[in-house]
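Only one structure is covered here, and it is reproduced in the block below.
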Amino acid sequence: MGVVVSVCAFHLTTAIDIPLEVEQLPTITEASPSSLIAFPFDESFPMTCEAKGNPEPEFRWTKNGEEFDPYQDPRLIKEDNSGTFVIPNTGNLTEYQGTYRCYANNKLGTAITEEIEFVVPHVPKFPKEKIDPIKVEEGQPVILECNPPKGIPPLQIYWMTIDLQHIEQDERVSMGLNGDLFFSNALEKDSRRDYCCFAAFPRIRTIVQKNAMSVVVKSTNSILERKPSLLMPSGVKSETQLVNGDELLLECIAEGIPTPKIEWVRMGHRLPDRATIENHGKLLSIDQVNEDDSGKYMCKAKNIHGEAKHSFDVSVEGQWKNSQLSTIGSDVRIKCSATGTPQPTIQWRVNGKPLKASNRKVLDDTIVLHNAKSIDSAVYQCEASNRHGTLLANANIMIMSKFMGLRWFYSLLLKIASTFLLNLMGTMSLCVIKVMLWWWCFSDVPDAPENLVLSEHKGRSVKLKWIPGDDHNSSTTDFIIEYEESQWEPGNWNELQRVPGNHGSAVLKLYGHVDYRFRVSGVNAVGRGRPSEPTERYKTPPAAPDKNPENIKIEGHLPHEMDINWEPLSPIEHNGPGLEYKVSYKRQDVEEDWHEHVVKRHSFVVKGTPTFVPYEIRIQARNYQGWGPEPKVVTGYSGEDFPSAAPDDVEVEVMNNSLVKVSWTRVHKDKLHGHLGGYRINWWRLRSLLDSKKTHGNKHTLTFPGDRNHAMLPGLTPFSEYSLIVMTFNGRGNGPGSHAVNFKTPEGDVQKHIVALTWAPPLVANGVLTGYRLEYQLINDTEEVGVLQSMDISSPDTTSCVLRNLEAVSRYKFYLRSCTRVGCGPQVSEESTTTPVADATGKEANALPPLIQPHTYISLASIHGGISTQGWFIGLMCAVALLTLIVLIACFVNRNKGGKYAVKEKEDLHPDLESQGMHDDTFCEYSDNDEKPLKGSQHSLSGQIKAEDSGDSLVDYGDEDAQFNEDGSFIGEYAGRKEKRVSMEVKGTTNQSKA
């Protein structure tokens, strides 16, 4: 349970909405949510902070509790006269991760936002575990736990077999809100070895799979029937707390034989009209709750042997007003009502700063301003938190003298009225102003219409008459007619039509085979009034459909198939029972008859089609009463296949030391086998030109959508040799790559104020090495030294670091220590001075002295500590090395004289498995080859999301696209280096999407 907060201020106070022409405290009008997720597919991430006030507020930000000025970072996009700034998705977002807060202040006070956490997500994973088979006797209950990993919501849970077939669910077998699969009583047919829980995170396009679970149901000759008991929730009573507008979800899952049925009741009342029963009766859902929904609810699980009950105490908190006006000398109370489990703690602030004493007393959840003064006018903040999160609310408190308050309020009304009259007539009369003030104070929304009558019944049309209610000094502009039907969405009212405010009747055009009732409400300049009492019910006769399906989409996920999907008619549009769809298709520009199929679902797959050819498709609805209107013809293509040709004539033109232009000849459309998506360039660095040894560096990819024959590759390393290939792609995936083209980048200028450090790990770590701590400071020849800067290096595999933006012509000292979980060991140090040298153009540039040249390393050769730094130990090691060398020379001489050593042969027969792979040319990489990819899915589709323990490199597999179907299901392609691909489709139900 999270935190629920409401704030109110009372004692002779007035809640008002103050126009900006009047001097007032700042009020936050718009802010980013408390959690802002950096999804890798978004181009930018706005940190929103907007406020109103008079004088106009000024803005400032903090990050992790420290001052943060967006204007100091040129990469951030700022907006004028606003506190909002935008973080662009340039690839490296980790440095912006943290907790932000915006402050809006003027001379009267300061309003603040909730803390905004900017999160750069990682790929969620199920833990590796061995799950023992679950053995149970027939008739006993079973619970298969999913325990999905934490990730970016929304989370969707699916239970399927290893072959991606959904586990059938019914009253006996169903999934709970927590994702667990419940069996009210096990049957012998439930025995299988491949119950798999899949957790889908659609916002990051990722599906992860838990290890398969095995269930063994032992048959028995005598299954004893029993009365129900509840598997979920536990106990007999629980509490649920919400705020206005939340969704209420109550769940009861029972076991017993025969399988129990669930009933829902509300004690002392009937269930609200908005209540729906889902998941085979086990879930009660109420959208948009309000205070009237508070009370006690109960579920009853029943079978012929008895029943089990559980009661829910539901409380719904109301909203609060944040503008308050009080007079000098009065006592003002500000109450912060915070509820949650566990009980939240409350912290009070004034203008964004912790509350101090004086005349302000804190009594539990209430502040009392005793004998309030003008200086007590401020923005008061209540911040309630528990382990589930934090909520913040601002309350604007203005303290005035009675005379000033009346004069201020009267001048406010006078300003509103006079502005209105001046705009309307160009003149102003005091008596008319008083009339306007009276009108402004006493107008209201219209009363509900009365005496609704249905007449002129003509099958699917009827005339509705009503008598308008009192308009309360503001003429009615519209009447809204709503309907409710009893079959598909009982209790839900939907707008049918609007008529002008001077009408008292309307002819209603209706759907067939629907049991209607109607109500009417009036609208004027103040707002919409209450609805009338509903009419008696009116049922229309059935008829043929009035329309055909819309939004027809033709897709091809496989080369020889064509998937046809359409938006089905809503239930009320069926016009009668027995709705079906006739799907007709034929090749475009080919003389052939239409192929026709009648289906009840809203999708159809045509198999055995040629690859990527145009088809004409039409879909017509019908029911037991007849066919719908003549359908329109739409055009689409059958399934795509991978492109079969690579771009030719690939050339590279070097533009400068970090940018090249790549050009190629376009792939012919006959070789695309699908809609052209664009071109991709894969490139990797072979070596620095200072090093003769070639290595295959990390592969990088840039995608260029559309039909083009050239592209620019930025961000290359100067004085290096590279290789690249070009390929095209369509909706199916990548085509073959072109022949590799090698090129070299020229030398670059000296990088200024940069020091690179490298070191070797300790010989004896005395524990599990967790990382390093690096410290450095300015130590020029003065008595004072610079501030000691420090940074923690959390990866134990890192053995180098680059420090930038150091002072020119300055001496620095560097300290390095290795760390375990217990702490950090002794340090080693190195000193160096940056001095001016001339660059290639003859201009003076700041660089490092010959001892430490730019792009070379300061070598902290040993951080070992202990005996490894002692002279006698070093001498002993040298002697051992010399003796080893002498023995090897003797062996070599002896072998040349005819002696044979069997070492090589033994090594060939018994290779040292531990030594294999030690020469792989990898850097700063962690591999976990036990992590197998989910069949038919991807760990991620962006280099920004990387599984911390995954051995599958996103560089290797990130070239493929993934898509979501219209229903939110995931279709992903996982491409290995041998270009083997499989696809999967996971479709969830409404109930499952809530899990």
Straight-line distance of [X] [atom1] to [Y] [atom2], nearest 0.5 Å:
X	Y	atom1	atom2	result
Lys210	Phe198	NZ	CZ	12.5 Å
Ile28	Ile112	CD1	CD1	8.5 Å
Leu230	Ile262	CG	CD1	6.5 Å
Thr276	Leu283	OG1	CG	7.5 Å
Lys296	Arg266	NZ	CZ	13.0 Å
Ile286	Leu271	CD1	CG	6.5 Å

Exercise for the section: Tell me, with the steps shown, if Ile257 and Asn303 meet side chain to side chain contact (heavy atoms under 4.5 Å, CB included). Expected result: CA-CA 8 Å; Ile257 300 178; Asn303 66 11; 5.7 Å; no
Exercise for the section: Can you see which heavy atom on Ile207 is nearest to which on Ala200, and at what distance? Expected result: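 So the two residues come closest at CG1-CB, 3.8 Å.
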Counting neighbours of [atom1] on [X] that are heavy atoms of other residues, nucleotides or ligands and sit closer than 6.0 Å, is the number greater than 12?
X	atom1	answer
Lys63	NZ	yes
His305	NE2	yes
Glu168	CD	no
Glu495	CD	yes
Gln97	CD	yes

Is it the case that the side chains of [Y] and [X] hold a donor-acceptor pair, with the cut-off being a distance below 3.5 Å and no angle test?
X	Y	value
Asp170	His280	no
Ser82	Glu50	yes
Glu485	Tyr483	no
Glu239	Ser315	no
Glu255	Asn185	no
Thr259	Arg172	no

So does [Y] get a backbone contact from the side chain of [X], meaning a donor-acceptor N/O pair under 3.5 Å?
X	Y	value
Glu278	Ser285	no
Asn279	Met175	yes
Ser294	Glu291	yes

Handout entry: Aromatic plane relationship, Phe68 with Phe85 - under 30° parallel, 30 to 60° tilted, over 60° perpendicular
Key =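 If you compare the ring of Phe85 with that of Phe68, the planes turn out tilted.
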Within a strict 4.5 Å, meaning less than it, do heavy atoms of the [X] and [Y] side chains meet?
X	Y	result
Pro149	Lys125	no
Trp159	Cys196	no
Phe201	Val208	yes
Cys146	Asn178	no
Trp493	Pro531	no

Exercise for the section: Please determine if Arg528 and Glu482 form a salt bridge, counting it only when a charged side-chain N lies under 4.0 Å from a carboxylate O. Expected result: yes
Handout entry: Carboxylate-amine/guanidinium proximity below 4.0 Å for Lys300 and Glu263
Key = no
Practice task
Apply the test side chain to side chain contact (heavy atoms under 4.5 Å, CB included) to residues Asp273 and Glu484: give CA-CA distance (whole Å), side-chain angles for both, the deciding distance (0.1 Å), then the verdict.
Solution key: CA-CA 11 Å; Asp273 292 338; Glu484 181 259 357; over 6 Å; no
Handout entry: Stepwise side chain to side chain contact (heavy atoms under 4.5 Å, CB included) test for Ile572 and Gln487
Key = CA-CA 9 Å; Ile572 200 172; Gln487 182 176 1; over 6 Å; no
Practice task
Evaluate the side chain to side chain contact (heavy atoms under 4.5 Å, CB included) criterion for residues Ser32 and Phe45: first the C-alpha distance (whole Å), next the side-chain angles of each, then the deciding distance (0.1 Å), finally the verdict.
Solution key: CA-CA 10 Å; Ser32 293; Phe45 311 98; over 6 Å; no
